Amino acid sequence: MRQTLVAGNWKLNGSKESIQTLVKGIADGMSDVDGTAVAVCPPYVYISMVADLLDGTEIGLGAQDVADQETGAYTGEVSAAMLKEVGCQYTLVGHSERRSIYGEQDADTAAKFAAAQKEGLTPILCIGELLEERESGDTENVVARQLDAVIELSGVEALADSVIAYEPVWAIGTGKTASPQQAQDVHAFIRSKIAGLNADVAAKVQILYGGSVNGGNAAELFAMEDIDGGLIGGASLTSEAFLAICTA
Ligand code: PGA
């Protein structure tokens, strides 16, 4: 049985004050969350503060990105060891905004995935197709290519200690959610592709869905066989909206 995970990706949002309110609100509501693991991914500069606020709670902590390098002259980067030291258990890698806005390539994401695991962080590997790729029937090719870059570098076994987030790019921040069946179809494809290499890893790996998840659609999505939770953007920015998903 795979545990459900709901992770909030705050992106470039928040201030000290708003984040304190948000974390307190989530922590206060955790008594109503049953059988679902919960994590939040603040902007880098607030990670230490959030780690302190989360002390004594069950809420996990992640970063939104990580350097592919360990140390040295890489201005602006933050390493996996640093994230680990300040209290992270997770880091997102390959979010579509990193890929599409900042030009991150499959190989870059794979290197970040490996760097995270080397320090004992659990990478949340984000994959997903653009609207034109879906419309031209390329969804499976795209997610397979994105997954293969990681498998080639780290081996399929590495996926057992990771989380995969399928996020169709056309559904992110658009209010246009994939239907539960559309999402399930891609999740099943991802799991069967992994099963072709290692059935145990495929059975174990959590595959989250991301893209306009909210309190109204989460239960239906999470009820699908191969959907093991969600990666939440917009609806993770208030405790009420986020908790509605965590309890769904
Ligand atoms: P959204 O973002 O929930 O606002 O669509 C999801 C994500 O980008 O992870």
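Treat the numbers as computed from the prediction; the structure is a model and nothing was measured. Both counts, for ligands and for their atoms, begin at 1 and track the order of listing. Values below: every heavy atom of this structure, side chains too, minus hydrogens, waters and symmetry copies.
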K.L.:
So, are Asp148 and Lys193 salt-bridged, with charged N and O less than 4.0 Å apart?
P.N.:
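Yes, charged N to carboxylate O under 4.0 Å.
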K.L.:
Only one of His187, Gln3, Arg191 clears side chain to side chain donor-acceptor pair (under 3.5 Å) with Asp228; which?
P.N.:
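So, applying the side chain to side chain donor-acceptor pair (under 3.5 Å) to Asp228 and each of His187, Gln3, Arg191, only Arg191 qualifies.
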K.L.:
Under a 3.5 Å distance rule, please check whether Arg2 uses its side chain to pair with a backbone N or O of Ala203 as donor and acceptor.
P.N.:
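At least one qualifying donor-acceptor pair exists.
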K.L.:
Just so I know, are the side chains of Val78 and Ile47 near enough to count as touching, which here means a heavy-atom distance under 4.5 Å?
P.N.:
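They are not in contact (no side-chain heavy atoms under 4.5 Å apart), so the answer is no.
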K.L.:
So does Leu12 have more than 12 non-hydrogen atoms from other groups sitting under 6.0 Å from CG?
P.N.:
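Counting other residues, nucleotides and ligands, CG of Leu12 stays at 12 neighbours or fewer.
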K.L.:
With the threshold set at 4.0 Å, does a side-chain nitrogen-carboxylate oxygen contact exist between Lys118 and Glu70?
P.N.:
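Yes, charged N to carboxylate O under 4.0 Å.
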K.L.:
Given a heavy-atom cut-off of 4.0 Å, could you list the residues near ligand 1 in chain and number order?
P.N.:
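For ligand 1, the residues that come within the 4.0 Å heavy-atom cutoff are Asn9, Lys11, His95, Glu167, Ala171, Ile172, Gly173, Gly211, Ser212, Leu231, Ile232, Gly233, Gly234.
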